[in-house]
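Structure, as structure tokens:
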Amino acid sequence: MALVEIRRLTKQFRKGDEVITPLQEVNLDIEAGDFVSLMGASGSGKSTLLNAVAGIDRPTSGEIVINGSDITKLSRGSLADWRAANIGYIFQMHNLIPVLTAYENVELPLLLLPMSAMERQKRVEIALDAVNLRDRANHYPRQLSGGQEQRVGIARAIVANPTIIVGDEPTGDLDADTTEQILELVQRLNSELGMTLLLVTHDPKVAALAPRQLRLEKGKLIEKGREVALVGGDFQERSD
Amino acid sequence: MFKFAPYVLKSLWRHRSRTMLTVSGSAVALFVFCFVGSVQRGLSRLTEDQEALRTLIVFQENRFCPTSSKLPEDYVRTAAKLPGVKDVVPIKVFTNNCRASLDVVVFNGMPPEQLRSSRNLKLLSGSWGEFDSRTDAAVVGAAVAQRRQLKVGQRFTIGEVTVSIVGIFRSSVPAEDNYIYTHLDFLQRARGQSSVGTVTQLEVHLHDSADPDQVAAAIDAQFRNGPIATSTRSKGVFQRDTLSDLAELIGFAHWLGYACVGLVLALVATTTVMAVQDRIKEHAVLQTLGLRPGRIFRLVLAESVLQSTAGGLLGIGAGLGLLAWGGFAVGAEGVTISFNPSLDLAVSGALVSAIVGVLAGILPGWQAARTEIVTALRYG
Ligand SMILES: Nc1ncnc2c1ncn2[C@@H]1O[C@H](COP(=O)(O)OP(=O)(O)OP(=O)(O)O)[C@@H](O)[C@H]1O
Ligand SMILES: [Mg+2]
């Protein structure tokens, strides 16, 4: 069983008579330790898919089974708890809380988990070390550069050791040099720390870093030139 | 919940000018609320006090201001013989102002030994010995002393009455702190026209078993055919009747207190709505990190409760401080209502501001909690 199993995932938006279907019965497996990039034209539904996996948006139909539980069936509250324990989200615009220091921002997800203050401190320090910003712990977001802010955002995403880390164009807002730094960091998360990554990007160079590269086209997921298809049995069993 | 306290406090601090304005608005409103409340309590203490309901006041019939009531002093002996009566105290009242006023000075002349037996006064300075030995001696209530800056050893003149202050007292009945007690015969003589042999009113203390209404009726029946007819009421009713105009005004001020509460509610709610609208995206981010909608709701509620109670406590503190320090009172026709600080008032004020904080936070908190994460992240 894969870490993430997406089955017949469909998302439709209705505007009056018009129906937009960015995701049309999409299937996808992501194994633990995978690094997956997701490309596609603007408006193709990349963010929609990513947000569904992250549990912040609800699909119209289909299943998303992560670590054995189907998150489409969770209530709003339980889904929030689930996100706290399982998702690390790297935003395009870092989205740090402006009134909190780098340290406090990184600590935030841990406040939701059962954990001693000492354990929290240890984890925050490890996360800040990983993004090489231990010396900026007490700085506020406005006192950091764009690249540093994004690194704090990454530290916040990894600090709780989530099941999967998702990023929606995490370098979309950065200059070339900083992008380079961030990508290096992201790659290390996968190669050294074994974290499972799903990254949406416009940039083919960024996508190329990922061992698995997917494209969204007309509501379908394409991998290596073909629609991602699953060995029938698995899916049949589930839908019964 | 307290893990998020730094976030809540820092969010308030980030918009400190807005926070301070809200806090001061709530402080001013609760200050007024406290003041109005203290006046109200002063009034109900006068009219609902158990002791006041079991003490009768005999006044000349159809007279209102103390200057116009003149009862023969020998009514004391007649009244004392009636069944149920324990003791009768003749009182001469002299006041500088019969109309409603914030600075009334009321002299009560009583026989010294009866003053001590019928009133529970504690001298803060001065001595009773001095009071007994000097005919022009006066003991001054703490509130008047405060208001008029009076001290033991001074002489004090109102109209044609000049007294020597030999003591400052505090009474167990707050309204008494607005009185000045002198010897009865001194006050009878001291006034321009001699009123020796007459008193303003009789204060009748009853035996525990006596029925106040019956005794009151018996007293009035007794004097109906005498030289001067009387009207006898319980002290509570007497005070309420005397202050009826003021009481109406105070009842109206009551609404002022409620208006203040409404004002804080609107103010704090506005600030909190603004704070939420500023942070739609931030709340979406917090939800993405795994905060439950209920938690977001409580965080918003905490912000509004903090502002409203911080302001409330400041206002209550200032209000009670001023009340304690100022010795304020309003009076008419020789009866005064004192404005006193009380724990009860502080607690109800604090409770009101906390409840207002909760109410003010409900709508914005609900708004924040139902933020659609994806939409808010996109456009926030
Ligand atoms: N709330 C919504 N209501 C209606 N249509 C929506 C809504 N959200 C997304 N869409 C539509 O769904 C489609 C997919 O949007 P999505 O944001 O997933 O695209 P994307 O691939 O991430 O694009 P981009 O690369 O520009 O970020 C778009 O056509 C978009 O207009
Ligand atoms: Mg997108």
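Reminder, nothing fancy here: chain letters follow the sequence lines and each chain counts from 1.
For A:Ile56, the parts sitting under 4.5 Å from any heavy atom of chain B are the backbone and the side chain alike. No part of A:Gln92 comes within reach of chain B, as not one of its non-hydrogen atoms sits under 4.5 angstrom from that chain. No part of A:Leu79 comes within reach of chain B, as not one of its non-hydrogen atoms sits under 4.5 angstrom from that chain. Within the 4.5 angstrom heavy-atom criterion, only side-chain atoms of A:Arg120, from C-beta onward, approach chain B.
Crowding of B:Glu372 atom CD: a count of heavy atoms from other residues, nucleotides or ligands under 6.0 Å not exceeding 12. When the shell of 6.0 Å around CH2 of A:Trp82 is examined, it contains more than 12 heavy atoms from other residues, nucleotides or ligands.
Chain B forms the most heavy-atom pairs under 4.5 Å with one residue out of A:Ala54, A:Ser78, A:Pro98, A:Gly55, and that residue is A:Pro98. Of the listed residues A:Asp57, A:Ile97, A:Ile87, A:Leu100, the one with more heavy-atom pairs under 4.5 angstrom with chain B than any other is A:Ile97. Among A:Thr48, A:Leu113, A:Leu112, A:Leu108, the residue making the largest number of heavy-atom pairs under 4.5 Å with chain B is A:Leu112. For the options A:Gly77, A:Ala85, A:Pro109, heavy-atom pairs under 4.5 Å to chain B are most numerous at A:Gly77.
B:Phe328 and B:Phe35 have their aromatic ring centers within a separation under 6.0 angstrom.
In summary, the side chains of A:Tyr89 and A:Asn51 do present a donor paired with an acceptor at a separation below 3.5 Å, with no hydrogens or angles considered. For the 3.5 Å distance criterion, the side chains of B:Ser338 and B:Asn340 qualify, holding a donor opposite an acceptor.
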Audit row: A:Lys122, A:Glu119, salt bridge (charged side-chain N to carboxylate O under 4.0 Å, His left out) steps and yes/no: CA-CA 5 Å; A:Lys122 208 178 77 194; A:Glu119 173 73 8; 3.7 Å; yes

